[in-house]
Amino acid sequence: QVHLVESGGGSVQAGGSLRLSCATSGYTDSDYCMAWWRQAAGKEREGVAALDSDGTTTYTDSAKGRFTISRDNAKNTLYLQMNSLQPDDTAMYYCAADVLRCWTPISTMTTGFFEHWGQGTQVTVSS
């Protein structure tokens with residue numbers, strides 16, 4: 001059974017940085033699509049960044065140039081390095097994974113594509 005566990009969230013001031021981690025277990029497929037999503041209070045869940053098993057990454061416009069998605073295969077851990085954080089980045093951040101490849105950029109993906117989700121980690125950015 002696949003488990004995703006996020007960590008690394010916290011409270012930072014605007015302009016600060018955080019690195020989120022998503023530890024995965026029970027995942028044996030060599031093909032995958034993994035992604036970070038976020039959901040602010042009262043808003044729908046939105047994609048942030050995706051990583052295909054071939055190394056291709058995609059980002060939404062709000063994340064481009066500030067966030068970096070990566071994976072350490074030896075540690076089975078997905079990361080999201082977030083720099084230049086702004087109050088609008090305040091949200092619960094979720095890790096998601098699926099055995100299918102990323103068939104489209106994150107900006108056009110839907111939550112229904114991903115079979116596996118973590119519980120989330122809260123990021124709060126103050127001005």
Side-chain angles (χ1 to χ4, degrees):
Q1 191 166 357
V2 176
H3 289 284
L4 307 177
V5 179
E6 303 95 332
S7 62
S11 297
V12 296
Q13 290 192 327
S17 299
L18 282 173
R19 188 177 78 158
L20 306 183
S21 299
C22 173
T24 64
S25 61
Y27 208 96
T28 59
D29 292 86
S30 57
D31 288 341
Y32 58 81
C33 180
M34 300 192 75
W36 287 98
W37 291 72
R38 67 185 183 185
Q39 187 166 18
K43 295 187 177 181
E44 292 187 356
R45 195 168 296 191
E46 64 174 2
V48 176
L51 172 67
D52 185 85
S53 50
D54 71 357
T56 301
T57 58
T58 59
Y59 299 88
T60 53
D61 287 345
S62 62
K64 281 179 186 175
R66 299 189 301 132
F67 295 0
T68 303
I69 187 172
S70 62
R71 186 171 191 251
D72 186 329
N73 291 327
K75 295 182 178 179
N76 291 323
T77 302
L78 181 74
Y79 300 101
L80 184 68
Q81 177 67 42
M82 304 188 295
N83 300 326
S84 302
L85 284 163
Q86 299 301 316
D88 285 349
D89 295 316
T90 295
M92 184 73 78
Y93 283 71
Y94 297 91
C95 172
D98 199 272
V99 297
L100 298 178
R101 300 279 297 276
C102 298
W103 64 279
T104 188
I106 185 65
S107 58
T108 55
M109 284 185 184
T110 61
T111 56
F113 173 78
F114 293 94
E115 180 177 3
H116 307 290
W117 290 86
Q119 299 281 59
T121 185
Q122 179 68 37
V123 171
T124 302
V125 185
S126 57
S127 58

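Model, not experiment: these values are computed from the prediction.
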What do the steps show when you test Trp37 against Ile106 for side-chain contact (heavy atoms from CB on, under 4.5 Å), and what is the final call?
-> CA-CA 9 Å; Trp37 291 72; Ile106 185 65; 4.0 Å; yes
Can you list every pair that meets disulfide bond (SG atoms under 2.5 Å apart) and has a residue in residues 42-79, with sequence neighbours left out?
->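 Sorted pair list comes back empty.
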Going by the disulfide bond (SG atoms under 2.5 Å apart) test, which pairs reach into residues 33-76, not counting sequence neighbours?
->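 As it turns out, the disulfide bond (SG atoms under 2.5 Å apart) pairs with a partner in residues 33-76, which skip direct neighbours, are Cys33-Cys102.
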Between [X] and [Y], which heavy-atom pair has the shortest distance, and what is it?
{"X": "Leu20", "Y": "Thr121", "value": "CD2-CG2, 4.0 Å"}
{"X": "Ala35", "Y": "Phe114", "value": "CB-CZ, 3.6 Å"}
{"X": "Thr77", "Y": "Ser21", "value": "CG2-CB, 4.0 Å"}
{"X": "Leu78", "Y": "Cys95", "value": "CD2-SG, 3.9 Å"}
{"X": "Trp117", "Y": "Thr111", "value": "CZ2-O, 3.5 Å"}
{"X": "Ala40", "Y": "Ala91", "value": "N-CB, 3.7 Å"}

The criterion is side-chain hydrogen bond (donor to acceptor under 3.5 Å, both in side chains); which residues satisfy it with [X], sequence neighbours excluded?
{"X": "Tyr93", "result": "Arg38"}
{"X": "Thr56", "result": "Asp54"}
{"X": "Thr108", "result": "Thr104"}
{"X": "Ser53", "result": "Arg101"}

Sidechain-backbone polar pair: Glu6 side chain, Gly120 backbone, donor-acceptor under 3.5 Å | yes
Keeping the roles fixed (side chain from Gln86, backbone from Ala14), state whether a donor-acceptor pair exists under 3.5 Å.
-> no
With sequence neighbours excluded, residues passing side-chain contact (heavy atoms from CB on, under 4.5 Å) with [X]:
{"X": "Thr24", "result": "Leu4, Cys22, Met34, Arg71, Asn76"}
{"X": "Asp72", "result": "Ala74, Lys75, Tyr79"}
{"X": "Thr124", "result": "Ser11, Thr90, Gln122"}
{"X": "Ser107", "result": "Thr60, Pro105"}

For Met82 and Asp89, what are the C-alpha separation, side-chain angles and deciding distance, and is it a side-chain contact (heavy atoms from CB on, under 4.5 Å)?
-> CA-CA 10 Å; Met82 304 188 295; Asp89 295 316; over 6 Å; no
Would you please classify the geometry between the Phe113 ring and the Trp103 ring as parallel, tilted or perpendicular, with 30° and 60° separating the classes?
-> tilted
Residue list, salt bridge (Lys or Arg N to Asp or Glu O under 4.0 Å) with Asp61, at least two apart or on another chain |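 Salt bridge (Lys or Arg N to Asp or Glu O under 4.0 Å) check on Asp61 returns Lys64.
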Mind checking the OG-CD spacing from Ser7 to Gln119? Nearest 0.5 Å is all I need.
-> 13.0 Å
Salt bridge (Lys or Arg N to Asp or Glu O under 4.0 Å): which pairs involve residues 115-127, sequence neighbours left out?
-> none
Any side-chain heavy atom of Tyr59 within less than 4.5 Å of one from Ile69?
-> yes
With side chains defined as the heavy atoms from C-beta onward, is the minimum distance between Leu18 and Phe67 less than 4.5 Å?
-> no
